Protein chains: 2
Amino acid sequence: MNKIADPIEFARALADHTRQEIMKMCCCEWRSVGELAGELEVTQPTVSHHLAFLREANLVHVRPEGRQTFYMLNQDTVASCCGDLMLNYAPDIREPA
Amino acid sequence: MNKIADPIEFARALADHTRQEIMKMCCCEWRSVGELAGELEVTQPTVSHHLAFLREANLVHVRPEGRQTFYMLNQDTVASCCGDLMLNYAPDIREPA
DNA sequence: GTAACATATAGACGAGCATCTATGAATAAG
DNA sequence: CTTATTCATAGATGCTCGTCTATATGTTAC
């Protein structure tokens, strides 16, 4: 049973610079926590904290492997939430031909 | 000269229940501040505060008229920001046929 | 088992935010 | 001009959040 995408939780996930950086970094490939922390200017616990948030929001896939944990962005959730936002807040906009 | 849509500011605008309610209420029609405050469970200054935020984010159109001020959601900004989010965070999702 | 490594959790702290009350500014009505 | 109405602004307050350090948990290597 999939978690229902809450529009406010989705927006809150995006409403932070570090979290958006994390999402970009693991958008299209699996990334370990250490990799993420290494390229960001925050500590490892801070990265773990943000990853927990993204996990709660169903915005990342998780794959534990040995002593590392790999994360990858859940693009389906992003697309679903963006679609809902469009339906709610841009119903009169139509796709360019 | 149009303000550039900042994805974090856009997300922060959506990351609050009251602001999402306001956006829904003035999505497709002009609404005065009094109307909005009347239907929401917050005070008029709180509504004005949120409208100022949405104004800064270029998310509403404003039309002063006498002693009232009418607001309407700027759907173009919403669509533009959602499009950017899709490009950044859901590049592998393709439209259903 | 012990040591080293990778991640998660706990607790603390400071900044930011959503809300309120009180008040200012602008407009309409009398 | 005075009063009433509508909205915006200022200041205060309590709560949330992002970050840190310290530590716990789990895993691999020896």
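All values derive from a computational prediction rather than experimental measurement.
A sub-4.0 Å separation between OP1 or OP2 of D:dC20 and a side-chain N or O of A:Thr46 is present. Here B:Tyr71 reaches the OP1 or OP2 of D:dA8: one of its side-chain N or O atoms lies under 4.0 Å away. The phosphate of D:dC20 has OP1 or OP2 within less than 4.0 Å of a side-chain N or O from A:Thr43.
For B:Leu40 and C:dC20, the CG to C1' distance is 15 Å, given to the nearest whole Å. D:dT16 atom P lies 18 Å from atom NE2 of A:His50, rounded to whole Å. Summarising the geometry, the separation between CZ on A:Arg63 and C1' on C:dT7 is reported as 15 Å, rounded to the nearest angstrom. In this structure, A:Leu51 atom CG and D:dT19 atom P are separated by 12 Å, rounded to whole Å. One interatomic measurement links the two molecules: NE2 of B:His17 to C1' of D:dC15, which rounds to 17 Å at whole-angstrom precision. For the pair A:His49 NE2 and C:dT9 C1', the interatomic distance rounds to 12 Å; values are reported in whole Å.
Of the candidate nucleotides C:dA18, C:dT9, D:dC7, C:dA18 has the atom nearest to the side chain of B:Asp16. Comparing C:dA22, C:dC20, D:dT19 against the side chain of A:Thr18 picks out D:dT19 as the nearest.
In this model, no side-chain donor or acceptor of A:Gln44 finds a partner on the base of C:dA6 within 3.5 Å.
Not counting sequence neighbours, B:Glu41 has no partner by the side-chain hydrogen bond (donor to acceptor under 3.5 Å, both in side chains) test.
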Dump every N/O contact between nucleotides 25-30 of chain D and the protein below 3.5 Å, one line per pair.
none

